[in-house]
Participant: 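Shown below is the structure under consideration.
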Amino acid sequence: MQSPTYHLAEGLRLPTNGLDYTILAIYFIVVLGIGFAARASVKTSLDFFLSGRSLPAWVTGLAFVAANLGATEILGMAATGAQYGVAVVHWYWIGAIPAMVFLGLVMMPFYYGSKVRSVPEFLLQRFDKPAHLLSSVLFAFAAILIAGVNLYALSIVVEALLGWPQWVSIVVAGFFVLAYITVGGLSSAIYNEVLQFFVILAALIPLTVLGLKRVGGWDGLTDSLSASKGDNFLSAWGGTGIGDANPLGANWLTIILGLGFVLSFGYWTTNFAEVQRALSAKNLSAAKRTPLIAAFPKIFIVFAVMIPGLVAAVIVPKIGTAGSDLTYNDAIPLLMQELLPNGVLGIAVTGLMAAFMAGMAANVSSFNTVFTTDIWQKYVVKDREDTYYLRFGRLITAIGVLASIGTAFIAASFSNIMSYLQTLFSFFNVPMFVVFIIGMFWKRASMKSGAWGLVAGTTAAMVNYFWIYKQGVIDIPSDQGANFVSAIVGFVAGAVVMVAVTLFTAPKPESELAGLVYGTTSPGMSEAPAEGDDAWYRRPALLGWGAIVLAAACYIPYSF
């Protein structure tokens, strides 16, 4: 639901003291210290944009999941829990784990083996320059919009912490993130994300435990919500029959196809903010294991963000209702204000700020890579010395942060930033995914079909959202339901147009498809473990199936 520009609810100020500020100051000093320490290793543009492809799998795996632990996870998912209930589990067990396993087992060999520096660069090798340029522009634009979401979420915490006006909070938070990314490049962002992963958990776990204690445990929580919201609010699948009413405003078909397939695979397999972490791994084996390692904590993080949202719906029943100045985005700050003692509050504030900086840093670092290597170096200033592109990368990072400050105010106009993010994903990630998936599995897909597929998918998704949904041509109950439908429409439109264009245009010569289409190989994709090394963590298929089985084991008993 869209509302006028949002400011922090009156009186929502966190009762922090000197101990809390000390914890926060120590964290900031450590973050900047990591940035300056990483600077010593940044000597080339490859070091700045991809950490020299030198990082171990456990580092890239934790950075992979931490990069996603931004506004989407913390404020966005808690807001979704408060608004839609237990259905939030779909964004994890349907909308993340399968796609992360697919990325590790199927797509990383193509990405890493082709030695590309970015996701759009893969489209240049598979299709042609128009597909590459269009995907680069779309991704750069989307990265700035999403970075703005994280920056806006960070400003909410700064505003609640210090009482600063929202615009001041946004500007100050933006420049702090700029400092450590510009200095240390991707290595700084990734090592900070590993630290941020543990700090975020230290913030969420006490909030979850104390929240449950306040409402009388799980039984007290479910009894209260059943009485006020109905049984479907506590059911992942309740009321999702086609034509039935449920809080999410979506049926099982749009959940599975729209979220579970199109939005999920579109985000996790083509979003360079995530893929970049795997590309920075030291070898192909580590790159393949990166999303698989990240899948395990992803299974359980849902509880730490969903439960606070449900608790907020009980403690503050007016949240998100008409006439209230509290939006669903206030769920986490409200619980922090209500439940946490000093000291623990300082850790929680630090964790939230860590989460938002991780999300923003992920998008800004991916933006500077794509803009520098895929737009500037390929089409504007070609064949310059490497030091020039390293300097330009730092400059465009600063420009990206300034642009994110502007887009943060767009995010402020949405009462649930998760809905806004899903809208962006349906516009930008889904069309890229359909081009990737067809290009990787169909040799005949022509060079020209890539660009036309991107145009058709993006246009169709936008038409569905802004005209068919917003103008009421077809009645769709909620923003989230509309996002699922937009994703399906964008995928189908892109696929149909790609097939149609392929029938009338020339395919890429088979000699140029080695390592780019499933069933073909290139030297970079033939890496194997050393003889006799059969450790479990070097068997990605076993790790991937383990993630799927574990997800199913968690999901089946939890499907109320």
Participant: For the pair Asn483 and Thr423, evaluate side chain to side chain donor-acceptor pair (under 3.5 Å) and give the outcome as yes or no after the intermediate values.
Facilitator: CA-CA 6 Å; Asn483 291 332; Thr423 301; 2.8 Å; yes

Participant: Any heavy-atom pair between the side chains of Ile255 and Trp237 that's under 4.5 Å?
Facilitator: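 Side chain of Trp237 against side chain of Ile255, heavy atoms only: contact under 4.5 Å found.
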
Participant: Just verifying a value: how many Å separate Ile144 CD1 and Ile405 CD1, rounded to the nearest 0.5 Å?
Facilitator: 10.5 Å

Participant: Is any side-chain heavy atom of Leu151 less than 4.5 Å from a side-chain heavy atom of Val401?
Facilitator: no

Participant: Does Asp231 use its side chain to pair, donor to acceptor, with the backbone of Ser226 at less than 3.5 Å?
Facilitator: no

Participant: Distance-only check: which donor-acceptor pairs under 3.5 Å involve side-chain atoms of residues 201-212, not counting sequence neighbours?
Facilitator:
residue, atom, partner, partner atom, Å
Thr208, OG1, Leu204, O, 2.9
Thr208, OG1, Ala304, O, 3.4

Participant: Just how far is it from atom CZ of Arg394 to atom CG of Asn368, taken to the nearest 0.5 Å?
Facilitator: 10.5 Å

Participant: Does anything in residues 209-229 form a salt bridge (Lys or Arg N to Asp or Glu O under 4.0 Å)? List the pairs, not counting sequence neighbours.
Facilitator: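 For residues 209-229, and leaving out neighbouring residues, the salt bridge (Lys or Arg N to Asp or Glu O under 4.0 Å) pairs sorted by first residue read Arg214-Glu338.
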
Participant: Check Ser426 against Ala487 and note the closest heavy-atom contact, atom names and distance.
Facilitator: CB-N, 4.0 Å

Participant: Does any non-hydrogen side-chain atom of Pro308 lie less than 4.5 Å from one of Ile332?
Facilitator: yes

Participant: What's the spacing between Ile146 CD1 and Leu424 CG if we round to 0.5 Å?
Facilitator: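 Rounded to the nearest 0.5 Å, the CD1-CG separation comes to 5.5 Å.
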
Participant: Can you measure from CD1 (Ile410) to OH (Tyr152) and round to the nearest 0.5 angstrom?
Facilitator: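 Separation between the atoms: 13.0 Å.
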
Participant: Return the CD1 to CZ distance between Ile97 and Phe102, rounded to the nearest 0.5 Å.
Facilitator: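 It comes to 15.5 Å.
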
Participant: Output, in order, the C-alpha distance, side-chain angles, deciding distance and verdict of side-chain contact (heavy atoms from CB on, under 4.5 Å) for Ser404 and Val364.
Facilitator: CA-CA 9 Å; Ser404 300; Val364 171; 4.3 Å; yes

Participant: I need the minimum non-hydrogen distance between Ala331 and Ala312, along with the two atoms involved.
Facilitator: CB-CB, 3.8 Å

Participant: Name the orientation class of the two ring planes belonging to Phe265 and Phe433 (parallel below 30°, tilted from 30 to 60°, perpendicular beyond 60°).
Facilitator: tilted

Participant: When rounded to the nearest 0.5 angstrom, what distance separates CD1 in Ile29 from CG in Leu24?
Facilitator: 10.0 Å

Participant: Does any non-hydrogen side-chain atom of Asp20 lie less than 4.5 Å from one of Val349?
Facilitator: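 The answer is no; the side chains never approach within 4.5 Å.
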
Participant: Tell me, please, which residues at least two apart from Val199 pass side-chain contact (heavy atoms from CB on, under 4.5 Å).
Facilitator: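 Applying side-chain contact (heavy atoms from CB on, under 4.5 Å) to Val199 gives Tyr27, Leu195, Thr350, Ala354.
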
Participant: Would Met306 and Tyr92 count as a side-chain contact (heavy atoms from CB on, under 4.5 Å) if you check the C-alpha gap in whole Å, the side-chain angles of each, and the deciding distance to 0.1 Å?
Facilitator: CA-CA 11 Å; Met306 176 187 71; Tyr92 291 78; over 6 Å; no

Participant: What do the steps show when you test Thr397 against Phe367 for side-chain contact (heavy atoms from CB on, under 4.5 Å), and what is the final call?
Facilitator: CA-CA 8 Å; Thr397 299; Phe367 164 78; over 6 Å; no

Participant: Do Leu292 and Leu105 come close enough that some side-chain heavy atom pair is under 4.5 Å?
Facilitator: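 Side-chain contact under 4.5 Å: yes.
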
Participant: Would you call Ile299 and Trp93 a side-chain contact if the rule is heavy atoms closer than 4.5 Å?
Facilitator: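 Yes, side chains in contact.
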
Participant: Might you point out which heavy atoms bring Ile94 and Gly260 nearest each other, and give the distance in Å?
Facilitator: CG2-CA, 3.2 Å

Participant: Counting N and O atoms only, with roles assigned by atom type, does the side chain of His90 sit under 3.5 Å from a partner on the main chain of Leu259, one being a donor and the other an acceptor?
Facilitator: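 Answer holds: no.
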
Participant: Heavy atoms, side chains only, cut-off 4.5 Å: are Gln422 and Trp91 in contact?
Facilitator: yes

Participant: Is the shortest side-chain heavy-atom distance between Leu339 and Leu345 below 4.5 Å?
Facilitator: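 No, side chains not in contact.
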
Participant: Using the test side-chain hydrogen bond (donor to acceptor under 3.5 Å, both in side chains), find all partners of Thr290 that sit at least two apart in sequence or belong to another chain.
Facilitator: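 Once residues adjacent in sequence are excluded, the partners of Thr290 under the side-chain hydrogen bond (donor to acceptor under 3.5 Å, both in side chains) criterion are Thr60.
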
Participant: Please enumerate all residues that pass side-chain contact (heavy atoms from CB on, under 4.5 Å) together with Val316, with sequence neighbours excluded.
Facilitator: Ile319, Leu326, Leu334

Participant: Does Lys298 have any salt bridge (charged side-chain N to carboxylate O under 4.0 Å, His left out) partners at least two apart in sequence or in another chain, and if so, which?
Facilitator: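 Partners of Lys298 by the salt bridge (charged side-chain N to carboxylate O under 4.0 Å, His left out) criterion, ordered by chain and then number, come out as Glu73.
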
Participant: Show the nearest heavy-atom pair for residues Val88 and Met77, with the distance to one decimal.
Facilitator: CG2-SD, 3.5 Å

Participant: What is the minimum heavy-atom distance between Ala278 and Ala287, and which atoms define it?
Facilitator: O-CB, 3.5 Å

Participant: Only one of Tyr420, Trp268, Tyr267 forms a ring pair (Phe, Tyr, Trp, His ring centres under 6.0 Å) with Phe425, so which one is it?
Facilitator: Tyr267

Participant: Identify the two heavy atoms, one from Ala313 and one from Leu225, that lie closest to each other, and give their separation to 0.1 Å.
Facilitator: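 Here Ala313 and Leu225 meet closest at CB-CD2, 4.0 Å.
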
Participant: Any chance you could lay out the side-chain contact (heavy atoms from CB on, under 4.5 Å) test for Phe233 and Leu310, step after step, and finish with the verdict?
Facilitator: CA-CA 9 Å; Phe233 197 79; Leu310 298 178; 3.8 Å; yes

